There are 2 protein chains.
Amino acid sequence: MTATDATATHTLADGIRSAGLKVTAQRLAVLYALADSPHASAERVFAAVHAGLPGTSLQAVYGVLAAFTSAGLVRRIEPAGSAALFERRVGDNHHHLVCTGCDAVHDVDCVVGEAPCLTPADARGFAVASAEVTFWGLCPSCRTEPATP
Amino acid sequence: MTATDATATHTLADGIRSAGLKVTAQRLAVLYALADSPHASAERVFAAVHAGLPGTSLQAVYGVLAAFTSAGLVRRIEPAGSAALFERRVGDNHHHLVCTGCDAVHDVDCVVGEAPCLTPADARGFAVASAEVTFWGLCPSCRTEPATP
DNA sequence: CAGTTGTCTTGACTAATTCAAGATAAGGAA
DNA sequence: TTCCTTATCTTGAATTAGTCAAGACAACTG
(Lines give C-alpha, C1' and ligand atoms only; values in the text may rest on other atoms or scores of the structure.)
Protein backbone atom coordinates (compact mmCIF):
# COMPACT_ATOMS: atom_id res chain seq x y z
CA MET A 1 0.00 0.00 0.00
CA THR A 2 1.40 3.40 -0.98
CA ALA A 3 1.33 6.58 1.08
CA THR A 4 -1.59 7.75 -1.03
CA ASP A 5 -3.44 4.54 -0.35
CA ALA A 6 -2.72 4.94 3.33
CA THR A 7 -4.24 8.39 3.24
CA ALA A 8 -7.19 7.10 1.32
CA THR A 9 -7.65 4.35 3.87
CA HIS A 10 -7.51 6.92 6.63
CA THR A 11 -10.18 8.96 4.90
CA LEU A 12 -12.36 5.91 4.39
CA ALA A 13 -11.93 4.92 8.02
CA ASP A 14 -12.97 8.39 9.10
CA GLY A 15 -16.03 8.17 6.92
CA ILE A 16 -17.03 4.88 8.48
CA ARG A 17 -16.32 6.12 11.97
CA SER A 18 -18.22 9.35 11.58
CA ALA A 19 -21.21 7.34 10.46
CA GLY A 20 -21.12 5.81 13.93
CA LEU A 21 -19.80 2.47 12.73
CA LYS A 22 -16.76 0.52 13.77
CA VAL A 23 -13.90 0.37 11.33
CA THR A 24 -13.02 -3.15 10.23
CA ALA A 25 -10.91 -4.66 7.51
CA GLN A 26 -14.03 -6.00 5.79
CA ARG A 27 -15.66 -2.61 5.73
CA LEU A 28 -12.62 -0.93 4.27
CA ALA A 29 -12.38 -3.69 1.70
CA VAL A 30 -16.01 -3.16 0.71
CA LEU A 31 -15.37 0.53 0.12
CA TYR A 32 -12.27 -0.29 -1.90
CA ALA A 33 -14.22 -2.78 -3.96
CA LEU A 34 -16.87 -0.17 -4.69
CA ALA A 35 -14.16 2.26 -5.74
CA ASP A 36 -13.01 -0.30 -8.30
CA SER A 37 -16.48 -1.20 -9.54
CA PRO A 38 -18.76 1.73 -8.89
CA HIS A 39 -21.96 -0.24 -9.52
CA ALA A 40 -21.36 -3.66 -8.06
CA SER A 41 -23.73 -6.34 -6.83
CA ALA A 42 -23.30 -7.85 -3.38
CA GLU A 43 -21.93 -10.96 -5.04
CA ARG A 44 -19.38 -8.95 -6.95
CA VAL A 45 -18.32 -6.99 -3.91
CA PHE A 46 -17.98 -10.28 -2.09
CA ALA A 47 -15.69 -11.64 -4.81
CA ALA A 48 -13.44 -8.60 -4.55
CA VAL A 49 -13.40 -8.54 -0.77
CA HIS A 50 -12.88 -12.26 -0.52
CA ALA A 51 -9.85 -12.03 -2.79
CA GLY A 52 -8.10 -9.81 -0.27
CA LEU A 53 -9.61 -11.22 2.92
CA PRO A 54 -10.20 -14.93 2.26
CA GLY A 55 -12.06 -15.57 5.48
CA THR A 56 -14.81 -13.13 4.65
CA SER A 57 -18.31 -14.49 4.28
CA LEU A 58 -20.97 -13.39 1.85
CA GLN A 59 -23.27 -12.59 4.74
CA ALA A 60 -20.68 -10.22 6.15
CA VAL A 61 -20.71 -8.37 2.85
CA TYR A 62 -24.51 -8.20 2.89
CA GLY A 63 -24.29 -6.92 6.45
CA VAL A 64 -21.69 -4.29 5.64
CA LEU A 65 -23.61 -3.10 2.60
CA ALA A 66 -26.83 -2.88 4.61
CA ALA A 67 -25.09 -0.95 7.38
CA PHE A 68 -23.48 1.42 4.88
CA THR A 69 -26.73 1.90 3.05
CA SER A 70 -28.68 2.83 6.13
CA ALA A 71 -25.82 5.05 7.30
CA GLY A 72 -25.88 6.84 3.96
CA LEU A 73 -22.35 5.85 3.01
CA VAL A 74 -23.45 3.93 -0.03
CA ARG A 75 -26.53 3.98 -2.14
CA ARG A 76 -28.42 0.95 -3.24
CA ILE A 77 -30.07 0.84 -6.65
CA GLU A 78 -32.15 -1.93 -8.14
CA PRO A 79 -32.44 -1.72 -11.92
CA ALA A 80 -35.32 -3.91 -13.05
CA GLY A 81 -34.17 -7.40 -13.84
CA SER A 82 -30.91 -7.27 -11.97
CA ALA A 83 -29.76 -7.83 -8.44
CA ALA A 84 -29.25 -4.80 -6.21
CA LEU A 85 -26.22 -2.70 -7.05
CA PHE A 86 -24.26 -0.52 -4.68
CA GLU A 87 -22.41 2.72 -5.30
CA ARG A 88 -20.41 5.14 -3.24
CA ARG A 89 -21.63 8.23 -4.98
CA VAL A 90 -24.29 9.48 -2.61
CA GLY A 91 -26.08 12.67 -1.75
CA ASP A 92 -26.29 14.14 -5.22
CA ASN A 93 -29.43 12.53 -6.57
CA HIS A 94 -27.86 11.44 -9.80
CA HIS A 95 -29.42 8.92 -12.12
CA HIS A 96 -28.45 5.89 -14.16
CA LEU A 97 -27.99 4.76 -17.70
CA VAL A 98 -28.33 0.99 -18.05
CA CYS A 99 -27.25 -0.89 -21.16
CA THR A 100 -29.87 -3.40 -22.23
CA GLY A 101 -27.18 -5.31 -24.09
CA CYS A 102 -24.49 -5.84 -21.48
CA ASP A 103 -26.06 -4.55 -18.25
CA ALA A 104 -23.38 -1.93 -17.82
CA VAL A 105 -24.43 0.94 -15.59
CA HIS A 106 -23.24 4.51 -15.85
CA ASP A 107 -24.04 7.56 -13.79
CA VAL A 108 -25.73 10.54 -15.33
CA ASP A 109 -26.24 13.86 -13.69
CA CYS A 110 -29.69 15.03 -12.95
CA VAL A 111 -31.85 15.40 -16.01
CA VAL A 112 -32.21 18.66 -17.93
CA GLY A 113 -31.45 21.63 -15.74
CA GLU A 114 -32.19 21.55 -12.05
CA ALA A 115 -34.45 18.75 -10.95
CA PRO A 116 -37.50 18.73 -13.16
CA CYS A 117 -37.53 15.06 -12.38
CA LEU A 118 -38.73 15.93 -8.92
CA THR A 119 -41.98 17.37 -10.18
CA PRO A 120 -44.45 14.90 -11.59
CA ALA A 121 -47.18 16.44 -13.71
CA ASP A 122 -49.74 15.48 -11.07
CA ALA A 123 -48.48 14.33 -7.70
CA ARG A 124 -51.91 13.02 -6.71
CA GLY A 125 -51.52 14.37 -3.22
CA PHE A 126 -48.26 12.57 -2.59
CA ALA A 127 -45.48 14.32 -0.70
CA VAL A 128 -42.76 13.46 -3.19
CA ALA A 129 -39.43 12.98 -1.48
CA SER A 130 -37.26 11.77 -4.32
CA ALA A 131 -37.28 10.70 -7.90
CA GLU A 132 -35.25 7.97 -9.45
CA VAL A 133 -34.64 7.95 -13.17
CA THR A 134 -33.35 4.97 -15.10
CA PHE A 135 -32.45 5.40 -18.75
CA TRP A 136 -32.42 2.24 -20.79
CA GLY A 137 -30.44 1.99 -23.97
CA LEU A 138 -27.44 0.54 -25.73
CA CYS A 139 -23.94 1.48 -24.69
CA PRO A 140 -21.41 2.49 -27.36
CA SER A 141 -19.96 -1.00 -27.74
CA CYS A 142 -23.32 -2.77 -27.82
CA ARG A 143 -24.48 -0.32 -30.47
CA THR A 144 -21.88 -1.62 -32.88
CA GLU A 145 -21.32 -5.23 -31.84
CA PRO A 146 -24.29 -7.61 -32.15
CA ALA A 147 -24.17 -8.77 -28.53
CA THR A 148 -21.56 -8.53 -25.81
CA PRO A 149 -22.52 -10.65 -22.81
CA MET B 1 -71.79 -11.53 -16.54
CA THR B 2 -73.60 -8.54 -18.04
CA ALA B 3 -73.77 -7.60 -21.70
CA THR B 4 -71.12 -4.99 -21.02
CA ASP B 5 -68.88 -7.58 -19.45
CA ALA B 6 -69.43 -9.84 -22.40
CA THR B 7 -68.36 -7.06 -24.72
CA ALA B 8 -65.36 -6.36 -22.53
CA THR B 9 -64.45 -10.02 -22.62
CA HIS B 10 -64.75 -10.00 -26.36
CA THR B 11 -62.44 -7.01 -26.56
CA LEU B 12 -59.94 -8.64 -24.24
CA ALA B 13 -60.05 -11.84 -26.24
CA ASP B 14 -59.39 -9.89 -29.41
CA GLY B 15 -56.45 -8.20 -27.77
CA ILE B 16 -54.96 -11.52 -26.78
CA ARG B 17 -55.63 -13.05 -30.17
CA SER B 18 -54.17 -10.17 -32.11
CA ALA B 19 -51.01 -10.50 -30.09
CA GLY B 20 -50.73 -13.97 -31.61
CA LEU B 21 -51.67 -15.78 -28.42
CA LYS B 22 -54.37 -18.30 -27.75
CA VAL B 23 -57.32 -17.13 -25.70
CA THR B 24 -57.81 -19.12 -22.51
CA ALA B 25 -59.89 -18.66 -19.40
CA GLN B 26 -56.74 -18.07 -17.37
CA ARG B 27 -55.56 -15.35 -19.69
CA LEU B 28 -58.86 -13.53 -19.60
CA ALA B 29 -58.88 -13.88 -15.82
CA VAL B 30 -55.41 -12.35 -15.60
CA LEU B 31 -56.54 -9.34 -17.62
CA TYR B 32 -59.63 -8.98 -15.43
CA ALA B 33 -57.48 -9.17 -12.31
CA LEU B 34 -55.23 -6.43 -13.65
CA ALA B 35 -58.26 -4.29 -14.39
CA ASP B 36 -59.24 -4.59 -10.73
CA SER B 37 -55.76 -3.98 -9.34
CA PRO B 38 -53.81 -1.97 -11.87
CA HIS B 39 -50.44 -2.60 -10.20
CA ALA B 40 -50.55 -6.16 -8.97
CA SER B 41 -47.81 -8.63 -8.16
CA ALA B 42 -47.86 -12.12 -9.69
CA GLU B 43 -48.96 -13.46 -6.34
CA ARG B 44 -51.83 -11.03 -6.15
CA VAL B 45 -52.95 -11.77 -9.70
CA PHE B 46 -52.76 -15.42 -8.83
CA ALA B 47 -55.02 -14.91 -5.81
CA ALA B 48 -57.61 -13.15 -7.95
CA VAL B 49 -57.44 -15.65 -10.81
CA HIS B 50 -57.50 -18.59 -8.47
CA ALA B 51 -60.67 -17.30 -6.83
CA GLY B 52 -62.50 -17.61 -10.11
CA LEU B 53 -60.64 -20.57 -11.58
CA PRO B 54 -59.65 -22.77 -8.63
CA GLY B 55 -57.54 -25.14 -10.68
CA THR B 56 -55.14 -22.44 -11.79
CA SER B 57 -51.53 -22.75 -10.74
CA LEU B 58 -49.19 -19.96 -9.79
CA GLN B 59 -46.85 -21.00 -12.56
CA ALA B 60 -49.61 -20.56 -15.09
CA VAL B 61 -50.00 -16.99 -13.87
CA TYR B 62 -46.27 -16.41 -14.19
CA GLY B 63 -46.43 -17.87 -17.67
CA VAL B 64 -49.37 -15.73 -18.73
CA LEU B 65 -47.78 -12.59 -17.34
CA ALA B 66 -44.52 -13.36 -19.11
CA ALA B 67 -46.32 -14.02 -22.39
CA PHE B 68 -48.34 -10.82 -22.06
CA THR B 69 -45.27 -8.83 -21.15
CA SER B 70 -43.28 -9.96 -24.13
CA ALA B 71 -46.32 -9.48 -26.38
CA GLY B 72 -46.65 -5.92 -25.10
CA LEU B 73 -50.10 -6.47 -23.60
CA VAL B 74 -48.93 -5.70 -20.10
CA ARG B 75 -46.00 -3.86 -18.68
CA ARG B 76 -43.82 -5.10 -15.90
CA ILE B 77 -42.36 -2.71 -13.36
CA GLU B 78 -40.06 -3.47 -10.50
CA PRO B 79 -40.00 -0.77 -7.86
CA ALA B 80 -36.93 -1.24 -5.68
CA GLY B 81 -37.69 -3.40 -2.69
CA SER B 82 -40.85 -4.98 -4.04
CA ALA B 83 -41.75 -7.92 -6.22
CA ALA B 84 -42.48 -7.25 -9.88
CA LEU B 85 -45.80 -5.51 -10.55
CA PHE B 86 -47.85 -5.75 -13.70
CA GLU B 87 -50.10 -3.20 -15.32
CA ARG B 88 -52.28 -3.05 -18.41
CA ARG B 89 -51.55 0.55 -19.22
CA VAL B 90 -48.93 0.21 -21.94
CA GLY B 91 -47.50 2.19 -24.78
CA ASP B 92 -47.68 5.62 -23.20
CA ASN B 93 -44.43 5.75 -21.27
CA HIS B 94 -46.04 6.90 -18.07
CA HIS B 95 -44.30 6.81 -14.73
CA HIS B 96 -44.99 5.82 -11.14
CA LEU B 97 -45.49 7.30 -7.75
CA VAL B 98 -44.72 4.83 -4.98
CA CYS B 99 -45.70 5.39 -1.37
CA THR B 100 -42.85 4.60 1.00
CA GLY B 101 -45.39 4.11 3.76
CA CYS B 102 -47.85 1.62 2.31
CA ASP B 103 -46.28 0.61 -1.03
CA ALA B 104 -49.26 1.92 -2.97
CA VAL B 105 -48.43 2.64 -6.60
CA HIS B 106 -50.06 5.28 -8.75
CA ASP B 107 -49.54 6.23 -12.35
CA VAL B 108 -48.31 9.68 -13.29
CA ASP B 109 -48.13 11.06 -16.75
CA CYS B 110 -44.82 11.87 -18.24
CA VAL B 111 -42.86 14.44 -16.34
CA VAL B 112 -42.96 18.16 -17.16
CA GLY B 113 -44.06 18.74 -20.72
CA GLU B 114 -43.09 16.33 -23.44
CA ALA B 115 -40.42 13.87 -22.48
CA PRO B 116 -37.52 15.73 -20.95
CA CYS B 117 -37.03 12.56 -19.04
CA LEU B 118 -35.79 10.99 -22.24
CA THR B 119 -32.83 13.32 -22.45
CA PRO B 120 -30.13 12.77 -19.87
CA ALA B 121 -27.70 15.66 -19.47
CA ASP B 122 -24.94 13.50 -20.93
CA ALA B 123 -25.91 10.23 -22.57
CA ARG B 124 -22.29 9.03 -22.62
CA GLY B 125 -22.68 7.64 -26.09
CA PHE B 126 -25.68 5.50 -25.20
CA ALA B 127 -28.58 5.18 -27.61
CA VAL B 128 -31.27 5.87 -25.05
CA ALA B 129 -34.44 3.96 -25.82
CA SER B 130 -36.56 4.71 -22.79
CA ALA B 131 -36.57 6.34 -19.41
CA GLU B 132 -38.30 5.10 -16.34
CA VAL B 133 -39.06 7.48 -13.52
CA THR B 134 -40.07 6.41 -10.05
CA PHE B 135 -41.20 9.04 -7.59
CA TRP B 136 -40.95 8.08 -3.95
CA GLY B 137 -43.05 9.79 -1.34
CA LEU B 138 -45.94 9.53 1.05
CA CYS B 139 -49.46 9.10 -0.18
CA PRO B 140 -52.23 11.29 1.22
CA SER B 141 -53.28 8.81 3.91
CA CYS B 142 -49.74 7.99 5.00
CA ARG B 143 -49.00 11.70 5.29
CA THR B 144 -51.55 12.04 8.06
CA GLU B 145 -51.64 8.65 9.72
CA PRO B 146 -48.42 7.49 11.44
CA ALA B 147 -48.19 4.20 9.57
CA THR B 148 -50.69 2.23 7.53
CA PRO B 149 -49.36 -1.20 6.68
C1' DC C 1 -5.35 -3.97 29.25
C1' DA C 2 -10.00 -5.56 30.18
C1' DG C 3 -14.96 -4.95 29.37
C1' DT C 4 -18.75 -3.89 26.48
C1' DT C 5 -20.85 -3.79 22.40
C1' DG C 6 -20.96 -4.19 17.68
C1' DT C 7 -19.43 -7.12 13.91
C1' DC C 8 -18.42 -11.44 11.61
C1' DT C 9 -19.03 -16.61 10.76
C1' DT C 10 -21.76 -20.43 10.20
C1' DG C 11 -25.80 -22.46 8.88
C1' DA C 12 -30.54 -22.53 8.07
C1' DC C 13 -34.35 -20.40 5.89
C1' DT C 14 -37.64 -17.55 2.89
C1' DA C 15 -39.45 -15.19 -1.17
C1' DA C 16 -39.72 -14.59 -5.94
C1' DT C 17 -39.05 -16.60 -9.96
C1' DT C 18 -37.62 -20.00 -13.43
C1' DC C 19 -37.07 -24.62 -15.63
C1' DA C 20 -38.69 -29.12 -17.35
C1' DA C 21 -41.81 -33.00 -18.48
C1' DG C 22 -46.00 -34.57 -19.35
C1' DA C 23 -51.24 -33.71 -19.58
C1' DT C 24 -54.61 -30.85 -21.75
C1' DA C 25 -57.10 -27.68 -24.47
C1' DA C 26 -57.40 -23.98 -28.38
C1' DG C 27 -57.82 -23.02 -33.18
C1' DG C 28 -57.44 -24.56 -37.86
C1' DA C 29 -58.15 -28.23 -41.45
C1' DA C 30 -60.74 -32.02 -43.31
C1' DT D 1 -68.17 -31.69 -36.41
C1' DT D 2 -64.13 -34.15 -35.40
C1' DC D 3 -59.27 -34.63 -35.62
C1' DC D 4 -54.61 -32.70 -35.50
C1' DT D 5 -51.10 -29.74 -34.32
C1' DT D 6 -49.20 -26.77 -31.27
C1' DA D 7 -49.52 -23.73 -27.55
C1' DT D 8 -50.73 -23.65 -22.88
C1' DC D 9 -51.30 -25.40 -18.21
C1' DT D 10 -50.15 -28.56 -14.18
C1' DT D 11 -47.05 -30.61 -11.23
C1' DG D 12 -42.87 -30.66 -9.05
C1' DA D 13 -38.20 -29.38 -8.55
C1' DA D 14 -34.49 -26.01 -8.77
C1' DT D 15 -32.32 -21.42 -8.60
C1' DT D 16 -31.24 -16.82 -7.25
C1' DA D 17 -31.04 -13.09 -4.10
C1' DG D 18 -31.46 -12.05 0.23
C1' DT D 19 -32.69 -12.47 5.34
C1' DC D 20 -32.55 -14.33 10.18
C1' DA D 21 -30.39 -16.17 14.33
C1' DA D 22 -26.78 -17.92 17.56
C1' DG D 23 -22.49 -17.88 18.98
C1' DA D 24 -17.38 -16.56 18.19
C1' DC D 25 -14.59 -12.66 17.80
C1' DA D 26 -12.66 -8.09 17.43
C1' DA D 27 -13.02 -2.76 17.83
C1' DC D 28 -13.31 1.07 20.71
C1' DT D 29 -13.96 2.89 25.74
C1' DG D 30 -12.21 3.75 30.21
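Order of the sequence lines sets the chain letters (A, B, ...), proteins ahead of strands, with each chain counted from 1. Since the model is a prediction, treat every value here as computed from it, not as a measurement.
Nearest approach of A:L65 to A:V74, heavy atoms of both residues: O-CG2, 4.1 Å. When all heavy atoms are compared, the tightest approach of B:L58 to B:A42 is CD1-O, 4.3 Å.
Positionally, the nearest nucleotide of DNA chain C for B:S82 lies more toward the 5' end than for the other of B:A25 and B:S82.
Residue A:E78 contributes atom CD, which lies 14 Å from atom C1' of D:dT16 at whole-angstrom precision. Distance B:F68 CZ to D:dT8 C1': 11 Å, rounded to the nearest Å. If you take CG of A:L53 and C1' of D:dC25, they are 15 Å apart, rounded to a whole angstrom. With rounding to whole Å, A:L65 atom CG is found 13 Å from D:dA17 atom C1'. Atom CG in A:L28 sits roughly 15 Å away from atom C1' in C:dC8 (whole-Å rounding). In this entry the distance linking CD1 of B:I16 with P of C:dG27 reads 9 Å, nearest Å. Counting to the nearest Å, the C1' atom of D:dC25 and the NZ atom of A:K22 are 10 Å from each other. Here the C1' atom of nucleotide C:dC8 and the CD atom of A:Q59 are 10 Å apart, to the nearest Å.
Contact annotation: A:Q26 side-chain N/O to C:dC8 OP1/OP2 distance is under 4.0 Å. Here B:T24 reaches the OP1 or OP2 of D:dC9: one of its side-chain N or O atoms lies under 4.0 Å away. Of the side-chain N and O atoms in A:R76, one or more sit less than 4.0 angstrom from OP1 or OP2 of D:dG18. Taking only side-chain nitrogens and oxygens, A:R17 comes nearer than 4.0 Å to OP1 or OP2 of D:dC28.
In this structure, A:L58 reaches neither bases nor backbone, as no heavy-atom distance under 4.0 Å exists between it and the strands shown. Here B:G63 lies out of heavy-atom contact (under 4.0 Å) with every strand. Residue A:S41 is out of contact with every strand shown, counting any heavy-atom pair closer than 4.0 Å. B:A84 comes within contact range of the sugar-phosphate backbone alone, with a heavy-atom separation under 4.0 Å but no base atom that close.
Put simply, the residue from B:V108, B:V98, B:V105 that forms a side-chain contact (heavy atoms from CB on, under 4.5 Å) with B:T134 is B:V98.
Ranking C:dT17, D:dC9, C:dT9 by closeness to the B:Y62 side chain, first place goes to C:dT17. Here D:dT10 is the nucleotide among D:dT10, D:dT8, D:dC28 with the atom lying nearest to any side-chain atom of B:A60.
Salt bridge A:D109/A:R89: present, at least one basic N to carboxylate O contact under 4.0 Å.
For the residue pair B:D107/B:H96, the side-chain donor-acceptor check at 3.5 Å is satisfied.
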